[in-house]
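Below you'll find the structure, written out as C-alpha cells, and then a few comments.
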Number of protein chains: 2
Amino acid sequence: MKGDAVRGHLDALLLAALEQGPLHGYAIITAVQQRSGGALELRTGTMYPALNRLERLGLLRSDWQSVGERRRRCYELTDAGRRSLAEERTAWRELTAAIGAVLDPAPAPRPAT
Amino acid sequence: MKGDAVRGHLDALLLAALEQGPLHGYAIITAVQQRSGGALELRTGTMYPALNRLERLGLLRSDWQSVGERRRRCYELTDAGRRSLAEERTAWRELTAAIGAVLDPAPAPRPAT
DNA sequence: ACTCTATATATTGGCAGCCAACATATAGGC
DNA sequence: GCCTATATGTTGGCTGCCAATATATAGAGT
C-alpha cells in the first residue's frame, strides 16, 4: 500500500478502531493492521497527534493506566465520537460510490433496443 | 462532498474519464460530474496541471483543435495510460477493501458455538 | 552481562497535492 | 451591453500525512 493511503480517512479509522471498546495507541495500530489484513499500518507520527486532536474535539477521552512500570494512555469514544463515526461512515460510502461510479461507470441505459 | 475529496485519486479519475474516447479538459469536468451524480467537481487549478503532468509521463497525448475561433486541447489515453488505469483500479479496490474492513469489520468467526 | 526486539508514547521538520483566486478569451442569449 | 457558459491556464497557500528522531520499560536469546 502506497504512502498517504489513509489520507483523509484517518479520523474514521481511529474512531472505528475504538468502537468496540477502549484501546491504547499501540493497540490501535495493531488492531487496524489486523482488521485490514496487513494493508494499513498507522505511523506513530500520524496517529498520536491525531488522537490528541480528536480528544480536544471531544470525540475521545483518555486516561493513563499503569501496567507494572509501563504507562499506557487508553482512549475511548465519547457520545460525540460515536455520532462522528456514523457521519464518517456515511461520507466514506458517498465517496466510494462517487469515485467508483467514475472508475467503473454503469453502462448507459438505452431506450428499448 | 467536502474539499480534497479526490485527493490521491485524481489521476485515476482523469484516466477513467478518457477511457471511452478523447475529451478536452472542460468536457472531462462535466463527464466526471455527471458520472458521479454531481458529487465530484474537478477544479481547473487541479485538473489542468494534472493533465499536463500525465502527458509528460506519457500516459496521455493531446492535440489542439479549433471550433470556429475557439481552441480546445483534446486528450486521449496512450497504451501506457491504459495500463496505468488498470493499476489505478487495482489500487482503488485494495484501498476500499482495506479501509472498508476497518470501518465495517466482519464479525470474528468463532469456533462452533 | 549484553544485545536485540517488542512494547509504548511523543515531537519535529518537510513536502506532496489539492484548492481558491486570479487571469484571459470566445460564443450565445436576453 | 451584460451575463452566463465555454475553454484554458498560473500562482500562492494550506492541510495533513510521513520520515526521522527521541525516550523508556520488558522480555527473550546468547
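Because the structure is a prediction, the values reported are computed rather than measured. Below, chain A is the first sequence line, B the second, and so on; all start at residue 1.
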> To the side chain of Tyr48(A), which of dC18(C), dG9(D), dT9(C) is closest?
Replying inline: dT9(C)

> If you find the nucleotide of DNA chain D closest to Leu42(A) and the one closest to Ile29(B), which residue's nucleotide is nearer the 5' end?
Replying inline: Ile29(B)

>> Nearest whole Å is fine: how far is dA7(D) P from Ile28(B) CD1?
In response: 12 Å

>> Measuring to OP1 and OP2 of dC18(D), would you say a side-chain N or O of Thr46(A) lies under 4.0 angstrom away?
In response: yes

> What do the steps show when you test Arg82(B) against Glu19(B) for side chain to side chain contact (heavy atoms under 4.5 Å, CB included), and what is the final call?
Replying inline: CA-CA 8 Å; Arg82(B) 281 178 206 286; Glu19(B) 192 180 25; 4.2 Å; yes

>> Could you tell me how far apart Leu51(A) (CG) and dC17(D) (P) are, to the nearest whole angstrom?
In response: 12 Å

> Taking the side chain of Tyr75(B) as heavy atoms from C-beta outward, which of dC18(C), dG9(D), dC18(D) is closest to it?
Replying inline: dG9(D)

> What's the CG-P distance between Asp4(A) and dC15(C), to the nearest Å?
Replying inline: 14 Å

>> What is the distance, to the nearest angstrom, from the CD atom on Glu41(A) to the P atom on dA6(C)?
In response: 11 Å

>> Looking at Arg71(B), I'd like to know whether one of its side-chain N or O atoms comes within less than 4.0 Å of OP1 or OP2 on dT26(C).
In response: no

>> Quick check: on DNA chain C, is the nucleotide nearest Gly25(A) upstream (toward 5') of the one nearest Arg43(B), or the reverse? Name the residue that is more 5'.
In response: Gly25(A)

> When you measure from the side chain of Val6(B), which nucleotide among dC18(C), dG9(D), dT9(C) comes out closest?
Replying inline: dC18(C)

> Please give, in whole Å, the distance from dA21(C) P to Met47(B) CE?
Replying inline: 18 Å

> In whole Å, what is the span from the CZ atom of Arg53(B) to the P atom of dT8(D)?
Replying inline: 18 Å

> Among dT9(C), dC18(C), dT8(D), which nucleotide sits nearest the side chain of Arg73(A)?
Replying inline: dT9(C)

>> Under 4.0 Å from OP1 or OP2 of dA16(C): is there any side-chain N or O of Arg7(A) that close?
In response: no

>> Measure CZ/Arg70(A) against P/dT23(D) and give the value in whole Å, please.
In response: 18 Å

> Between the side chains of Arg61(B) and Thr78(B), does any donor sit under 3.5 Å from an acceptor?
Replying inline: no

> Given dT26(C), dT9(C), dT8(D), which nucleotide is nearest the side-chain atoms of Glu69(B)?
Replying inline: dT26(C)

>> Expressed as a whole number of angstroms, how long is the span from Gln65(A):CD to dT7(C):C1'?
In response: 15 Å

>> How close do Asp11(B) and Arg53(B) get, counting heavy atoms only, and between which atoms?
In response: OD1-NH2, 2.9 Å

> Looking at OG of Ser36(A) and CE of Met1(A), how far apart are the two atoms once the value is rounded to the nearest 0.5 Å?
Replying inline: 7.5 Å

>> Starting the side chain at C-beta, find the nucleotide from dC17(D), dT11(C), dA5(D) nearest to Tyr26(B).
In response: dA5(D)

> Between atom CH2 of Trp64(A) and atom CZ of Arg71(A), what is the distance when rounded to the nearest 0.5 Å?
Replying inline: 4.0 Å

